[in-house]
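All of these numbers come straight from a predicted model, not from anything done at the bench.
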Amino acid sequence: MRNISFSDEEQSDILPKTATLWWRTPQDFDENGHLKVDISDLSKLTPRLKILREMERLAFISTEGLEDLRHKLITYRAGDFWLPVGGVKKEDMEIAPVITIVLVGLCASGKSSLVNYMYSVLGRSGLIPFAQTSSGNSHYTTMFLEEHNVLRSMRSGFCVYDTRGLETNDMIEGLDEVSTWMTRGVRHNQPCFRHDDYNNNNKITNKRYTKRNVDCAIIVADLSEINKAFISGDLKDVVALKSLFNNSSIRKSNENPLLILTHGDTISAEERINSRLKICEFLGIPETTGVYDVACLTEQGILPEESDPITAFALTEAVYRSLMQSDRNHQPKKKLKDWIVLFLTWILCCIGAFFAILANFFSKCSQPHNKKLKY
């Protein structure tokens, strides 16, 4: 979304009074809620000031902008954000009827809670938890891929998939599973069993549900756990998150995948800002572009803050941005000559493999003869 500049006098009158402006710490803001440092000169902005300026932007437009952005999502149809490039018309592009967004992250990172929040903000579902979470004392974990129509609309142009969290100690298997989702597609009720599961013999995919190609992946990370990792110096979880973030199958374009930081409301404002700075630096990404701080819903479907339009707008903008990114990644439809080239390539590969097998066979047959000659 666009950056908006405004004066301190304007923002003090427009910012929502009911929102929890958690980032307004005494060291950065005065008693009137004005930044102590002049941010008009963008060249002098430090990473910390960039985050504060981004939070002020979200607060400035959240009250009036939320409904406008939500309306755009309700009326969205797959391909609406596509722009003509390369001289290819929209009708010649391969655009699926429904854009598929997949939430991926480590175990207990807040993916299911994020889905519930989407239902609450975008679908106006009230306090109904549509996805079971693993927060609190619950040891529940998502064992099957779950498709969610978070708008609760029959004409929704996108869907969101909740996935099983990745184990830090077994990232190789987890990343292989993520690559499978990204390359082969996903299906509702598709099992996510791992090799150490007791019921891994029941790997039966329900064919009745439509298989969808993944258009965009959103990385979900627990900001409170990131804060603990940097304080303790045990960066195992952070390194695992980086391997997921840099996974080649997730990077379908030149843009970084979106990063949503959850559970930031469980730590102090200073820790919340510093942890965001550290994880963005560790991942090598900007502190503001494509990164959102979103507090999760509780198991009862209630926000930690009683009323927080800023968090709601941040989540809505993240979904909006993911759809824009998805529509930029559509590929042109294959024409007849493309299929012919693909077929010829396949034939040549088969011929090459056949001669490679023959060469290997005759090489093995000639080995005993060579040994006899040596003696």
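Open room surrounds CD1 on I172; 12 or fewer heavy atoms of other groups in view lie less than 6.0 Å from it. More than 12 heavy atoms of other shown residues, nucleotides or ligands fall within 6.0 angstrom of atom CD in E67.
Each of V98 and M324 belongs to its own hydrophobic cluster when Ile, Leu, Val, Met, Phe, Trp and Tyr are linked at side-chain heavy-atom distances under 4.5 angstrom. Residues W346 and F354 share a single hydrophobic cluster, defined by chaining ILVMFWY side chains whose heavy atoms lie under 4.5 Å apart. Residues Y209 and V214 do not share a hydrophobic cluster, defined by chaining ILVMFWY side chains whose heavy atoms lie under 4.5 Å apart. In terms of hydrophobic clustering, with Ile, Leu, Val, Met, Phe, Trp and Tyr side chains grouped at heavy-atom distances under 4.5 Å, I101 and I74 are assigned to a common cluster.
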Q. Could you go step by step and tell me if R48 and E270 meet the salt bridge (charged side-chain N to carboxylate O under 4.0 Å, His left out) rule?
A. CA-CA 10 Å; R48 180 186 179 88; E270 194 63 27; 3.0 Å; yes
Q: Evaluate salt bridge (charged side-chain N to carboxylate O under 4.0 Å, His left out) for E317 paired with R57, printing each intermediate quantity in order.
A: CA-CA 12 Å; E317 184 176 283; R57 180 189 72 86; 2.9 Å; yes
Q. How far apart are the C-alpha atoms of N213 and R184, what are their side-chain angles, what is the distance that settles it, and do they pass the side chain to side chain donor-acceptor pair (under 3.5 Å) test?
A. CA-CA 7 Å; N213 293 324; R184 300 183 183 178; over 6 Å; no
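Proximity of the aromatic rings of Y76 and F81 is defined here by a centroid distance below 6.0 angstrom, and this criterion is met.
Other residues sharing a hydrophobic cluster with I95 under the 4.5 Å side-chain heavy-atom criterion for ILVMFWY residues are W82, V88, M93.
No side-chain donor-acceptor contact under 3.5 Å links R155 to the backbone of R77. A distance-only check finds a donor-acceptor pair linking the side chain of S109 to the backbone of L106 [under 3.5 Å].
Between L244 and I250, the shortest heavy-atom contact is O-CD1, 3.4 Å. Pairing each heavy atom of R164 with each of C192, the nearest pair is NH1-O, 2.8 Å. Closest non-hydrogen pair, D327 versus G79, comes out as OD1-N, 3.1 Å.
Screening E146, R212, H148, K111 for a side-chain contact (heavy atoms from CB on, under 4.5 Å) involving Y161 leaves a single residue, R212.
Listed by chain and residue number, nothing satisfies the side-chain hydrogen bond (donor to acceptor under 3.5 Å, both in side chains) test with D30 (two or more places apart in sequence, or in another chain).
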